[in-house]
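Every chain is numbered from 1 and lettered A, B, ... according to where its sequence line falls, protein lines coming before strand lines. Model, not experiment: these values are computed from the prediction.
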Number of protein chains: 2
Amino acid sequence: MASDHTRSAILAAAERLYADRGFGDVTLRDIVAEAGVNLAAVNYHFGSKDELIAELFVTRSIATNRERLRQLKDAEEQGGGRAPIEAILRALVGPPLRGCLGPENQRSTAARFMIRASIESVPPIRRIKNREIDHLRKFAGAMRRSLPDRSDVDIYWGLNFALAMAHHTIRESERLTKLSEGKCDLDDVEDVVARVVSVATMALTAGNAETKAPARALARDAR
Amino acid sequence: MASDHTRSAILAAAERLYADRGFGDVTLRDIVAEAGVNLAAVNYHFGSKDELIAELFVTRSIATNRERLRQLKDAEEQGGGRAPIEAILRALVGPPLRGCLGPENQRSTAARFMIRASIESVPPIRRIKNREIDHLRKFAGAMRRSLPDRSDVDIYWGLNFALAMAHHTIRESERLTKLSEGKCDLDDVEDVVARVVSVATMALTAGNAETKAPARALARDAR
DNA sequence: GATAGTTTCATACAAGTGTTTGAATTGCAA
DNA sequence: TTGCAATTCAAACACTTGTATGAAACTATC
């Protein structure tokens, strides 16, 4: 291949435009105009618009997932096969949080693109996300080894809640800032990571190992 | 007005189709075909496609919000102006969870529509969601009264995490079921509510009131 | 320098979109 | 019944979308 000048120009322009304006109203014509290439180049190099989007998303998400697994491996080796639950959770939520939060004006295009991807959820991206389960299973396994007394159900719920807090905070960071009138500092990423890890750890370790749902006894608003 | 037969037929058909197939690939022509009315009727009765979607979403979400506030009011009156934090959280996350989860085969069209709305997030819906902040402020206020020693920042983070767990569980209920191989029972809605409330309560009450992020000392994966 | 393969380009295509129009129909009141 | 407004309808409009085509330009190999 002579040079991927055109190909990478398209990728860069597409990522920038999607990051700025969302998937909804960016057309192939916008992209090729921004990239300074011909309209037909997209289909020539990528096959279709969806495959272009998929390639963008795959590139970014395998980077995140690789970093997650690296940190998980580190933590498990350091603990002799049994990492502390905090370290596992930090490996799970740290990379996406660090990748997407931080001072807005110095947020990378890639970061802004991933935020869009987590908000808008177009078909090609959803297809890829569905294949993420195997990746999550590795974390579930590590968590089980870390907390052998905990039931599988509790492990999965803990995993679910950890991801929930991380992703929701990314998706709704703007709203949280507005709601709290700036009191919640989303730019202090390490503080956010620590908060999420802390709560998720409590979720996974509180109460007796066999207690399914500690607060259940308090439920009284029947319906 | 003679009868809003046409109008309500459009609303019902649109909600059903959006619930089944998502906003992405349902056209006005699909809707009017399903409703058995003329294409122009949509613009005649609603002005535009976006206004139709907005009306659907507003109708459903004011129902949820009204129920939330009703339960909040009940809880505060019962506690003499200071509701227990669990009751406040239950009023916050209970209605949307009960509205969207539960056995799939007996899930209402409205429920499935709201799930779609929380997954796909089209422009008219996003606009409405942005106006939800005032509503959330009422809960922040109640939480502050319930936990007067807690800092505002902690209150907002607790609120954020509670919503995170509820919404993410709704959005990704299918994935959690698959990941856990059915071990997590999403149909037992009251158990889900209890779990979310329990974890959110811990997030809001654990540690000293002045501790910003208890797990922070454990952070060591510098990055 | 001719040739074969790759890449770029202008242009057209086919299909689908939400919206508008203006005439027909309906329903109700005088 | 007549008149009038509200509603319904078929049809067209105006436009955008992603994709396909076939010729032109380029690049490297022999």
* To do: Starting at atom CG of B:Asn43, determine the distance to atom C1' of C:dT20, rounded to an integer number of angstrom.
  => 8 Å

* Of the listed nucleotides C:dT7, C:dG18, D:dG18, the one nearest the side chain of B:Lys49 -> C:dG18

* Under 4.5 Å between any side-chain heavy atoms of A:Val122 and B:Glu120, yes or no? -> no

* Structure fact -> Here the distance between atom C1' of C:dG18 and atom CD of B:Glu51, to the nearest Å, is 13 Å

Please list, for nucleotides 10-15 of chain D, all pairs of protein and nucleotide N/O atoms separated by less than 3.5 Å.
residue	atom	partner	partner atom	Å
D:dA10	OP2	B:Asn38	ND2	3.4
D:dA10	N7	B:Asn38	ND2	3.3

* Measure from the side chain of A:Leu28, starting at C-beta and using heavy atoms only, and say which of C:dT17, D:dT19, C:dT19 lies closest. => D:dT19

* Asked: What integer distance in Å separates A:Phe46:CZ from C:dT7:C1'?
  -> 14 Å

* Do NZ/NE/NH1/NH2 and the carboxylate oxygens of B:Glu172 and B:Lys178 come within less than 4.0 Å? -> no

* Take atom NE2 of A:His5 and atom P of D:dT27, then tell me their distance rounded to the nearest Å. => 12 Å

* Asked: Below 6.0 angstrom between ring centroids: does that apply to B:Phe23 and B:Phe113?
  -> yes

* **Proximity to DNA chain C (any heavy atom under 4.0 Å), residues of residues 9-26 of chain A only** => none

* 4.5 Å side-chain heavy-atom contact, A:Leu159 and A:Leu204 -> no

* Asked: Are OP1 or OP2 of C:dT8 and a side-chain N or O of A:His45 less than 4.0 angstrom apart?
  -> yes

* Consider only side-chain N and O atoms of A:Asn160 and B:Thr169, and report whether a donor and an acceptor are under 3.5 Å apart. => yes

* **Polar contact flag, side-chain donor to acceptor under 3.5 angstrom, A:Thr64-A:Glu67** => no

* **Phosphate-side-chain proximity, B:Thr6 and D:dT8, N/O vs OP1/OP2 below 4.0 Å** => yes

* Asked: Is the closest basic N to carboxylate O distance between B:Asp50 and B:Arg127 below 4.0 Å?
  -> yes

Pull out every protein N or O sitting under 3.5 Å from an N or O of nucleotides 24-26 of chain D, one pair per line with the distance.
none

* Residue pair A:Arg126, A:Ser121: steps toward the side chain to side chain donor-acceptor pair (under 3.5 Å) verdict -> CA-CA 6 Å; A:Arg126 230 169 307 156; A:Ser121 180; 3.0 Å; yes

* C:dT7 P sits how many Å from A:Arg7 CZ, rounded? -> 10 Å

* **Donor on one side chain, acceptor on other, A:Glu51 and A:Ser48, under 3.5 Å** => yes

* Can you tell if the side chain of B:Asp30 reaches within under 4.5 Å of the side chain of B:Glu34, non-hydrogen atoms only? -> no

* Asked: Just how far, in rounded Å, is C1' of C:dT20 from OH of B:Tyr44?
  -> 15 Å

* Answer whether the closest heavy-atom distance between the side chains of A:Asn130 and B:Arg175 falls below 4.5 Å. => no

